[in-house]
Amino acid sequence: TSSRTWSSGLTFILAAVGAAVGLGNIWKFPYVAGVSGGGAFVLIYLVCVVAVAIPILVAELLIGRCGKGSPPVAMRRVAESSGRSSGWSIVGYMGMIVGYLIATYYSVIAGWTLIYIGKAANGFDGASAAEVAGQFDELLADPTTMTIWHTVFMLLALFIVGRGLRGGIERVVKMLMPALFVMMLVMIGYSAVAGDFGAGLSFLFSFDFSKLSGATVLNAIGQAFFSISVAMGLMMVYGAYVPKDVSLTRSAMIIALADTLIALLAGLMIFPIVFANGLDPADGPGLIFKTLPTAFVTMPGGTVFGALFFLLLAFAAVTSIIAIIEPIVAYAEDRWHMSRKLGCAVFGTIGWAIGVLSVLSFNLWSDVAPLGMFDVFAGKTFFDLIDYFTANIMMP
């Protein structure tokens, strides 16, 4: 039906870029690039994108377009029409389940960004730079607050997906993606004025070939997969909705380039602030919720731009999570003929409940290791396990 196709090639590209650009992309890519040789890493990353990620992206889009359905259904149809085993649908199931599992904890982390919009706008309640980092630890120790905001974010995502392709996902990406880009440019302007722009530039783009190794190349391949969001079923389902006259190869190249551009812009937004305040760029996930807030507290205009920064992160999170929930909802429509709203209600509730396990992993159940009887999983919480299985086993 026409309601299950994108209204245009451009809308599809906006939605796919929105899916690819998420929370991880905004802190992880610039950080990995910086510690892995700057420009030299970016160069290898671009080669990986062109040689590895784009061909896989084209393949996923094409399987979606030819199979016209959710990932398991599309994989099965394409395999059967090629005279191959219907067992190939397992690949589709795996992608779909990976995306779904990631959505359960993504919603928890996205909830933090919502909390931080308010915190930053309030100037972190007049806390000193030293106290601001402590506010994040307080948040992690508070399962109630985390659950409330995980719930708010999950409901928001399900509301959008439940409205359908054109009424929900399209409408949101058409609004949020241009807004995201404009906010980024404003933040980069702020970084250039209030931060150390030279240091940020040289961290990202100076060519340090001495830092390149076999591990770096593997990192670059992993980052290319992660960044362009292949192996999560979502590009298959987005491909199923692409109009016939749109070139998938050209679209894939635009998606990959736009995604890389936004990741580099994120670096120009974050690192000048990091270096101007003598902070550590290698702080990983803590960079966003601990390191940067300490800077926003002391910088001129920090309350306004701090709030803007977390709003931007929340936008990136919304456009990603609706994409990773879509495959399982489409599957519920294909397989069990559920209405879209019922599919959202059923899988949203299960996903929400799994998300609560991740919430508890940071506090009340931080010492619960469900698979602790196996050495390889010793000390891994529910959250660690979901992260480990999706990132290290199922996606590859």
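We use all heavy atoms of the structure for the numbers below, so side chains are in, but hydrogens, waters and symmetry mates are not.
Using a 30° and 60° split on the angle between ring planes, Phe362 and Trp112 fall in the perpendicular class, above 60°. Between Tyr238 and Tyr241, the angle of the ring planes lies from 30° to 60°, which puts this pair in the tilted group. Classification of the Tyr116-Phe289 ring pair by plane angle, with boundaries at 30° and 60°, yields perpendicular.
Using modelled atom types, one side-chain atom of Thr319 and one backbone atom of Ala316 make a donor-acceptor pair closer than 3.5 Å. Formation of a donor-acceptor pair under 3.5 Å by the Thr349 side chain with backbone atoms of Ala345 is found in this model. Here the side chain of Asp196 pairs a donor or acceptor atom with the backbone of Ala199 at under 3.5 angstrom. Remark: side-chain polar atoms of Tyr100 are paired, donor with acceptor, to backbone N or O of Phe347 under 3.5 angstrom.
Heavy-atom contacts from other residues, nucleotides or ligands closer than 6.0 Å to CZ of Phe159 number 12 or fewer. Around CD1 of Ile90, the count of heavy atoms belonging to other residues, nucleotides or ligands within 6.0 Å does not exceed 12.
Looking at Trp352 and Thr151, their side chains do bring a donor and an acceptor atom within 3.5 Å of each other. Donor-acceptor pairing under 3.5 Å is recorded for the side chains of Ser213 and Thr216. In summary, the side chains of Tyr45 and Ser36 do not present any donor paired with an acceptor at a separation below 3.5 Å, with no hydrogens or angles considered.
Residue Leu371 is tested with Phe389, Tyr388, Phe382 for a side chain to side chain contact (heavy atoms under 4.5 Å, CB included); the sole match is Phe389.
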